[in-house]
Amino acid sequence: MEKVKPRTLSGFMELLPAPQVQMERIMQVLRETYALYGFYPLDTPLIESSEVLLAKGGGETEKQIYRFTKGDSDLSLRFDLTVPLAKYVAQHYGELTFPFRRFQIGKVYRGERAQRGRFREFYQADIDVIGDGKLDIINEAEVPSIIYKTFTSLGLQRFKIRINNRKVLNGFFAILGLTEKAGDVMRTIDKLEKIGAEKVKTILVEDFGVEAAAADELLKFIETPGGTEGILAALEGYKGRNEVFDLGAEELKTVATYMQAFGVPADHFEIDLTIARGLDYYTGTVYETAMLDHPEIGSICSGGRYDNLAEYYTDKQLPGVGISIGLTRLFYVLGEQGYLNDQMNKAPADVLILPMTDDMGAAIKTATALRESGIRTQLYSEQKKFKHKIGYADKLGIPFVIFLGEDEINAGVVAVKDMESGEQVKVSLDEAAKLIHDGLAKKNAGKVICDK
């Protein structure tokens, strides 16, 4: 029989065991942090009806989606977690309690061109708060504070959350007479960091017919210097010229104030009027998060406020605010830049039991007792030479090994070896469990990310 060469498709990440443990640990920290803020976990199907997923279809979305038929069914793989959330909330509206707070960590699929750090299958980690009719602005300040808590819990320190408000931008567009071109202008200035001010101006003037003077004034406005306090002061100078602008400026000030009350230090966030978020459904506060030492990476977490999550599925007004981490890309970038903590315990077990007798009864009882005490335990039962057995533990990075021979069984003790220090002692099983727990506490003290 001719063999098929094993291969992984381009744009799909497949990790070896050790980095997979690191990825799982990151997801564990995310789940624990999101739960700390009172969010429900949620899962939605990978496959949905194309009609549901493409209710707001067209453009790049329809080009990138994985779509297929099965019998008479027109099906698609989900391309984000927000559209399935909208369907879920509309479908289960009568069974949910609002505000509805959910987090979801799951794979999504986009058939775009695979390139370094960009994937066709990737994990997103989303949090959203959905209101029924109304949703207080306090939520727009709490969401970025959760991201701050999440990243610092992972070990990342040198990052900054940049915030803006779409009402400020839309109001300023109205002041300049650009309301009818707001969508095109918004998507263009969202490219400012990538293509620079001159190219942005050229696109605005040549492609969308914006007057050169208006383009200059717009670029001057969105690049207002002075940090959070300076920008808030500058916005005061425009007040009274447009109601939407005034509301956005007040919301921006409120969010900035409450973010600090939620525990986000002033040096970890800033108002940045260049943040536009090109997606049409954002209506209020918008966020982007960047690593300070690697601005070339772009945003590692983004999101914002939207007024009607499920408008394509229900007439009910369901405003919300959410933020998303592109987890697979973030993991890839952290690995490429050397941020992942290679010293953390990535072994599949905390202890390996090596029976030194033909009778396995004592070894099995020992493994069972250790597992009941919360210690991840492997029992090595293969008939191999001692060198191979100890090499197995060493290759997997298992921190402790227990040897159990006739002498230990007769004496009612076990021989425990710390594989890192080489120290070996004979102790009772209860003492062995405590020794291993204490040793693991030290070995697992580090965080997943080593910030530089």
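Just the heavy atoms: all of them, side chains too, but no hydrogens, waters or symmetry mates, feed the values below.
For OH of Y40, the number of neighbouring non-hydrogen atoms (other residues, nucleotides, ligands) closer than 6.0 Å is 12 at most. Within 6.0 Å of CG in D438 there are more than 12 heavy atoms belonging to other residues, nucleotides or ligands. Within 6.0 Å of atom CD in E420, 12 or fewer heavy atoms from other residues, nucleotides or ligands are found, so the atom counts as exposed in its surroundings.
Under the 3.5 Å distance criterion, the side-chain polar atoms of R25 are left unmatched by any main-chain donor or acceptor of K346. In this structure, the side chain of H437 does not engage the main chain of I375 through any donor-acceptor pair within 3.5 Å. Using a distance-only test at 3.5 Å, with no hydrogens or angles considered, a donor-acceptor pair links the side chain of Q22 to the main chain of N341. For the pair T224 (side chain) and I231 (backbone), a donor-acceptor distance under 3.5 Å is absent. A donor-acceptor pair under 3.5 Å is formed between the side chain of R376 and the backbone N or O of A347. Of the possible donor and acceptor atoms, none in the side chain of E121 sits under 3.5 Å from a partner among the backbone N and O of K107. Judged purely by atom type and a 3.5 angstrom limit, S73 has no side-chain atom pairing as donor or acceptor with the backbone of L75. Judged by distance alone, the side chain of T44 and the main-chain N or O of P84 form no donor-acceptor pair under 3.5 Å. Side-chain atoms of N170 come within 3.5 Å of backbone atoms of R166 as a donor-acceptor pair (strictly under, hydrogens ignored). Checked by atom type and distance alone, the side chain of N164 pairs as donor or acceptor with a backbone atom of I275 at under 3.5 Å.
In this structure, CG on D350 lies 4.5 Å from CG on L440, to the nearest 0.5 angstrom. Taken to the nearest 0.5 Å, the CD atom of Q20 stands 5.0 Å off from the CG atom of L15. To the nearest 0.5 Å, atom CE of residue M27 and atom CD1 of residue I105 are 7.0 Å apart. Atom CD1 of residue I47 and atom CZ of residue F68 lie 4.0 Å apart, to the nearest 0.5 angstrom. We find the CD1-OG1 distance between I146 and T33 to be 9.5 Å, quoted to the nearest 0.5 Å. Distance check: T150 OG1 to I325 CD1 gives 5.5 Å after rounding to the nearest 0.5 Å.
Salt bridge status for K443 with D418: present, with a side-chain N to carboxylate O gap under 4.0 Å. At a threshold of 4.0 Å, the pair K316-D132 does not count as salt-bridged, since none of the basic side-chain nitrogens sits closer than that to a carboxylate oxygen. Between R120 and E112 no salt bridge is recorded (no basic side-chain N to carboxylate O distance below 4.0 Å).
At least one side-chain heavy atom of I130 sits under 4.5 Å from a side-chain heavy atom of L85. Counting heavy atoms from C-beta outward, R305 and P319 have side chains that approach closer than 4.5 Å. For the pair L30 and L154, the minimum side-chain heavy-atom distance is below 4.5 Å. By the 4.5 Å heavy-atom criterion applied to side chains, L370 and I353 are counted as neighbours. When side chains are defined from C-beta on, M419 does not count as touching I398, because their heavy atoms never get closer than 4.5 Å.
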Full working for side chain to side chain contact (heavy atoms under 4.5 Å, CB included) between K149 and Y37: CA-CA 10 Å; K149 176 69 172 177; Y37 286 80; 3.4 Å; yes

Intermediate values then yes/no, side chain to side chain contact (heavy atoms under 4.5 Å, CB included), L354 and I402: CA-CA 6 Å; L354 296 183; I402 285 181; over 6 Å; no

Could you please spell out the steps behind the side chain to side chain contact (heavy atoms under 4.5 Å, CB included) verdict for I163 and L252? CA-CA 8 Å; I163 64 171; L252 203 49; 4.2 Å; yes

Go through L42 and Y88 one step at a time and tell me if the side chain to side chain contact (heavy atoms under 4.5 Å, CB included) criterion holds. CA-CA 10 Å; L42 180 65; Y88 179 92; 3.3 Å; yes

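A donor-acceptor pair shorter than 3.5 Å cannot be found between the side chains of E288 and S299.
In terms of heavy-atom proximity, A363 sits nearest to P355 at CB-CG, 3.7 Å. Nearest heavy atom pair, residue V205 against residue A215, reads CG2-CB, 4.1 Å. Across every non-hydrogen atom of R371 and L379, the tightest pair is NH2-N, 4.1 Å. In this structure, V286 and N165 approach most closely via the heavy-atom pair CG2-N, 4.3 Å. For the residue pair P265 and G263, the shortest heavy atom distance occurs at CD-O, 3.3 Å. Closest heavy-atom contact between G304 and Y282: N-CE2, 3.3 Å.
Every pair passing side-chain hydrogen bond (donor to acceptor under 3.5 Å, both in side chains) that includes a residue from residues 45-54 is listed here, sequence neighbours excluded: E48-K87, S50-R67, S50-D74, S50-S76. The side-chain hydrogen bond (donor to acceptor under 3.5 Å, both in side chains) analysis of residues 4-17, with sequence neighbours excluded, yields the pairs T8-E14. The list of side-chain hydrogen bond (donor to acceptor under 3.5 Å, both in side chains) pairs with a residue in residues 380-389, not counting sequence neighbours, is empty.
Checked against salt bridge (Lys or Arg N to Asp or Glu O under 4.0 Å), D80 has no partners two or more places apart in sequence or in another chain. F331 pairs by the ring pair (Phe, Tyr, Trp, His ring centres under 6.0 Å) definition with nothing, not counting sequence neighbours. Partners of S324 by side chain to side chain contact (heavy atoms under 4.5 Å, CB included), not counting sequence neighbours, listed by chain and number: Q124, D126. Remark: E270 engages K160, R162, T228, D272 in a side chain to side chain contact (heavy atoms under 4.5 Å, CB included) (not counting sequence neighbours). Remark: F119 engages Y332 in a ring pair (Phe, Tyr, Trp, His ring centres under 6.0 Å) (not counting sequence neighbours). With sequence neighbours excluded, no residue forms a salt bridge (Lys or Arg N to Asp or Glu O under 4.0 Å) with D136. Residues meeting the side chain to side chain contact (heavy atoms under 4.5 Å, CB included) test with P6, sequence neighbours left out: none. For the salt bridge (Lys or Arg N to Asp or Glu O under 4.0 Å) test, no residue two or more places apart in sequence or in another chain qualifies with E211. Judged as a side chain to side chain contact (heavy atoms under 4.5 Å, CB included), and not counting sequence neighbours, the contacts of A174 are T179, N242.
Ring-plane geometry between Y109 and Y66 is classed as perpendicular, the angle between the planes exceeding 60 degrees on a 0 to 90 degree scale with a lower cut at 30. The aromatic rings of F98 and F100 lie perpendicular to each other, with more than 60° between the two planes, well past the 30° mark. Between F159 and F151, the ring planes lie perpendicular to each other; the angle is over 60°, past the 30° to 60° tilted range.
Annotation: cation-pi geometry satisfied between R101 and F39 (NZ/CZ under 6.0 angstrom from ring centroid, within 45° of ring axis).
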